[in-house]
Number of protein chains: 2
Amino acid sequence: MSVTINDVARLSGVSKRTVSRVINRSPAVGEATREKVLKVIEEVNFSPDKQARGLASSRSYLLGLIYDNPDALYIDEVQRGALSVCSALGYELVVHPCHSKSPDFIEDCLSFIARSKLDGVIILPPVSENKALAAAIREANCAYVRLASVDLDDHDNIVVSDEREAMKAMADHLVELGHTDIGFISGPRRYRSSMERMEGFLAELESCNVTLPPERIIEGKNSYESGITCAHQLLGTTDSANANNSASKRPTAIVANNDEMAAGVLRVASDLAIKVPEELSVAGFDDNILASRIIPSLTTIKRPVSNMARLAVQKLINKSQSADSEKITLDELVKPHLVKRESTDKK
Amino acid sequence: MSVTINDVARLSGVSKRTVSRVINRSPAVGEATREKVLKVIEEVNFSPDKQARGLASSRSYLLGLIYDNPDALYIDEVQRGALSVCSALGYELVVHPCHSKSPDFIEDCLSFIARSKLDGVIILPPVSENKALAAAIREANCAYVRLASVDLDDHDNIVVSDEREAMKAMADHLVELGHTDIGFISGPRRYRSSMERMEGFLAELESCNVTLPPERIIEGKNSYESGITCAHQLLGTTDSANANNSASKRPTAIVANNDEMAAGVLRVASDLAIKVPEELSVAGFDDNILASRIIPSLTTIKRPVSNMARLAVQKLINKSQSADSEKITLDELVKPHLVKRESTDKK
DNA sequence: TTGTAAGCGTTATCAA
DNA sequence: TTGATAACGCTTACAA
């Protein structure tokens with residue numbers, strides 16, 4: 001049927017073992033031999049069988065992607081980024097959306113890893129913040145890299161984007177535009193990333209001498225619906241805040257923990273006939289496709305998602321690579337950055 | 001390390017081969033023996049090694065997802081749908097975005113299949129319409145199922161959603177609202193799905209005695225930017241149509257081949273201060289997340305994407321299953337349906 | 001630097 | 001209905 005290592009060995013007049021060495025980039029092969037073998041490999045279009053390789057070496061050349069994030073755009077960007085490195089190195093990507101609230105979700109992830117003997121997994125936020133999961137995976141002796149906003153693991157096991165810093169840029173942007181009365185809709189406080197973003201934002205405001213009173217800071221759930229609820233609260237249209245909906249009492253800007261919630265804010269503003277950005281500036285985080293399509297388009301923060309995913313794969317592969325084969329080099333990581341659009345303007 | 005088929009054989013006092021038969025649900029095993037073996041399997045928590053199995057039987061228990069579709073939301077929905085069936089049956093899903101314009105993309109897909117000895121692949125639109133790809137995959141002896149809008153393959157190899165029918169509902173909706181002067185932005189005409197949608201829409205209009213002149217029907221590229229270009233054309237703001245931008249000359253409704261282009265139309269309407277839906281109704285196709293978030297929210301058509309993906313996996317697995325093991329039952333397929341929102345209203 | 005032989009954990013062949 | 005034995009295609013001791 002298809003050509004095997006034996007064929008290559010025979011054709012190039014060396015042993016199986018030597019061919020194996022060539023395949024695995026072992027340095028312990030004479031230059032002449034290596035070239036001879038490579039030539040044959042090329043000629044007969046040989047590619048080693050993954051399953052046989054895996055069976056013999058207990059590796060699978062499969063990487064897993066574990067996520068509970070509902071943001072399809074984020075997932076898609078991660079996948080494409082990861083794959084651009086994966087497939088170039090002979091690895092494939094197996095996807096695994098999980099339910100981090102489910103009681104047996106750790107078991108489920110471990111089973112996922114075991115079933116296919118994955119060589120490593122990439123864990124996306126927010127489940128990447130789950131300490132127990134990371135511990136269990138480490139315990140199971142599987143390589144992993146977490147994508148996160150905080151440095152909550154060894155350098156080898158994490159790829160961090162500095163969201164705190166990015167939110168400082170957002171604060172500066174709004175202060176420059178003259179905003180001092182700003183509403184902030186955070187993400188769930190149990191997530192480190194939510195706290196990073198919030199703290200970065202508030203700290204920078206402080207250092208610009210802008211202090212937000214507690215009622216300007218509310219906790220959202222990262223969903224569109226939650227954005228709507230929180231916007232009502234900030235814009236003074238809930239029962240508890242009745243009759244307070246005068247323009248003078250409203251914040252002149254609202255920043256949300258993500259674009260989904262910011263979209264909710266835009267929806268409420270539209271319903272209340274509050275003009276954005278003339279009467280209210282709005283900003284989000286993620287640079288979702290929404291952000292550029294919605295009217296007015298949304299000022300937001302873009303993370304280097306694709307690069308982060310690539311870096312994660314590289315770290316993973318470097319780990320699982322046998323000691324004597326060449327390591328690959330790591331890209332420089334790009335920082336998140338502010339994207340200014342229509343939804344923010346002078347106070 | 002972990003328990004193997006040998007352990008099970010030893011513990012239950014039968015041969016390897018018999019255990020293998022039990023695992024594979026072969027009927028050629030005595031009832032008593034089967035139960036004895038199953039009991040041991042249960043006790044020692046044995047699960048067969050995929051790689052070894054694959055090596056011996058040349059199967060991988062891996063399914064591939066091939067797509068050139070840039071719509072992350074669609075991909076995500078497919079993945080989740082497919083996985084809900086996959087993992088329940090011990091299969092994993094390997095993803096493969098491809099570039100259908102690239103000259104070696106068929107080779108690339110074949111290599112993807114060969115590399116991991118995939119048991120089958122699901123091909124998403126629009127590349128699912130590519131006849132050469134399907135032929136090549138069939139040639140390579142790999143099972144496949146295409147997701148498409150037209151019945152362009154054997155029943156076993158395709159899952160169809162009736163987009164033509166769905167667009168009839170869209171036509172009826174607009175006619176009911178009193179629209180007779182309607183602009184239509186099609187997708188690329190080389191795609192069957194574009195043609196299906198367009199033909200379904202126009203045919204139904206005809207049968208309601210509404211005929212669109214040629215200049216009301218233009219070909220878009222399915223992108224947001226293309227939506228903007230086409231909207232300008234339909235709303236008479238291009239050079240070639242200068243001075244024709246009087247309300248009376250404009251269509252009272254514009255339907256686009258997808259939500260992305262419809263979003264472009266909304267953007268242009270906003271820029272031209274044309275009120276939607278008061279002065280112009282707009283509709284799309286897909287029910288992207290955009291559709292519900294954008295202001296005004298978009299009337300569109302939702303496909304049963306997740307169900308289609310599940311069905312595809314079921315077909316695939318039924319094929320690759322050995323003849324003597326149980327087949328699984330197929331779900332009923334839900335049809336695409338119209339979702340009415342804010343962007344369409346009475347003329 | 002290269003080769004020999006023994007697995008890796010299954011399934012498949014063929015006989016009993 | 002069952003079982004010994006040989007694949008499957010590769011890697012890894014262990015030699016040479």
Side-chain angles (χ1 to χ4, degrees), chain A residues 1-38 40-41 44-62 90 114-117 119 320-325, chain B residues 1-37 41 44-62 90 114-117 119 320-325:
Chain A
M1 191 100 153
S2 64
V3 14
T4 77
I5 199 176
N6 291 303
D7 302 324
V8 177
R10 190 168 29 78
L11 260 40
S12 44
V14 300
S15 77
K16 236 168 135 169
R17 179 65 245 244
T18 299
V19 178
S20 173
R21 286 199 181 91
V22 172
I23 296 171
N24 292 289
R25 296 198 184 81
S26 159
V29 179
E31 197 47 48
T33 321
R34 148 168 288 125
E35 277 178 18
K36 188 171 52 180
V37 173
L38 282 176
V40 173
I41 288 182
V44 299
N45 192 24
F46 165 74
S47 88
D49 184 299
K50 257 183 206 157
Q51 296 176 309
R53 223 142 72 120
L55 183 56
S57 64
S58 52
R59 267 189 291 155
S60 63
Y61 297 89
L62 254 30
R115 279 201 305 270
S116 300
K117 293 217 207 105
D119 290 350
S320 73
Q321 211 119 47
S322 54
D324 56 344
S325 44
Chain B
M1 191 99 150
S2 62
V3 14
T4 78
I5 199 174
N6 291 304
D7 304 322
V8 176
R10 189 168 29 76
L11 261 37
S12 45
V14 300
S15 78
K16 236 168 137 167
R17 181 66 190 124
T18 298
V19 177
S20 173
R21 287 200 181 91
V22 172
I23 295 171
N24 292 289
R25 296 197 185 81
S26 160
V29 180
E31 197 48 47
T33 322
R34 150 169 287 126
E35 277 178 17
K36 188 170 54 180
V37 172
I41 289 182
V44 300
N45 191 26
F46 164 75
S47 88
D49 183 298
K50 259 185 203 159
Q51 296 176 310
R53 245 181 153 185
L55 182 55
S57 66
S58 51
R59 266 192 291 155
S60 63
Y61 298 87
L62 256 30
R115 279 202 304 269
S116 301
K117 294 217 208 107
D119 290 348
S320 73
Q321 212 118 45
S322 53
D324 55 345
S325 44

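Note on naming: letters A, B, ... go to the chains in the order of the sequence lines (proteins, then strands), and numbering restarts at 1 for each one.
- The closest donor-acceptor contact from the side chain of B/S57 to the backbone of B/R53 lies under 3.5 Å.
- The distance between atom CG of B/D7 and atom C1' of C/dG9, rounded to the nearest whole Å, is 10 Å.
- Taking the screw axis at each terminus of the helix from C/dT1-D/dA16 to C/dA16-D/dT1 from five consecutive base pairs, the angle between the two is 30° to within rounding of 10 degrees.
- Within a heavy-atom distance below 4.0 Å of DNA chain C, the residues of residues 44-57 of chain A found are A/L55, A/A56.
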Polar-atom pairs under 3.5 Å, protein N or O versus N or O of nucleotides 3-6 of chain C: list them with distances, or write none.
from  : atom 1 : to    : atom 2 : distance (Å)
C/dG3 : OP2    : A/S15 : N      : 2.9
C/dG3 : OP2    : A/S15 : OG     : 3.1
C/dG3 : OP2    : A/T18 : OG1    : 2.6
C/dG3 : O6     : A/R21 : NH2    : 3.0

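- Using a 4.5 Å heavy-atom threshold, the side chains of A/T33 and A/V14 count as touching.
- The side chain to side chain contact (heavy atoms under 4.5 Å, CB included) with A/R10 is formed by just one residue from the set A/D7, A/N6, A/V8; it is A/D7.
- When rounded to the nearest whole Å, the span between CZ of A/R59 and C1' of C/dC8 equals 14 Å.
- Although no hydrogens or angles enter the test, the distance criterion places a donor-acceptor pair under 3.5 Å between the side chain of B/R34 and the main chain of B/S26.
- Computed from coordinates, the B/I41 CD1 to C/dT10 C1' distance equals 13 Å when rounded to whole Å.
- Rounding to whole angstrom units, CG of residue A/N6 and P of D/dA7 are separated by 12 Å.
- Between the B/S12 side chain and the B/K36 main chain, no donor and acceptor come within less than 3.5 Å of each other.
- Side-chain atoms of B/K117 and A/D49, non-hydrogen and from C-beta on, do get closer than 4.5 Å to each other.
- If you measure from atom CD of B/E35 to atom P of D/dT2, you get 12 Å, rounded to the nearest angstrom.
- Atom CG in A/N24 sits roughly 16 Å away from atom C1' in C/dT2 (whole-Å rounding).
- Annotation: side chain of B/L62 is in contact with side chain of A/L62 (closest heavy-atom distance under 4.5 Å).
- In plain terms, the two heavy atoms of B/I23 and B/P48 that are nearest each other are CG2-CG, 4.0 Å.
- B/I5 places its CD1 atom 13 Å from the C1' atom of D/dG3, with the value rounded to the nearest Å.
- A distance-only check finds a donor-acceptor pair linking the side chain of B/Q51 to the backbone of A/R59 [under 3.5 Å].
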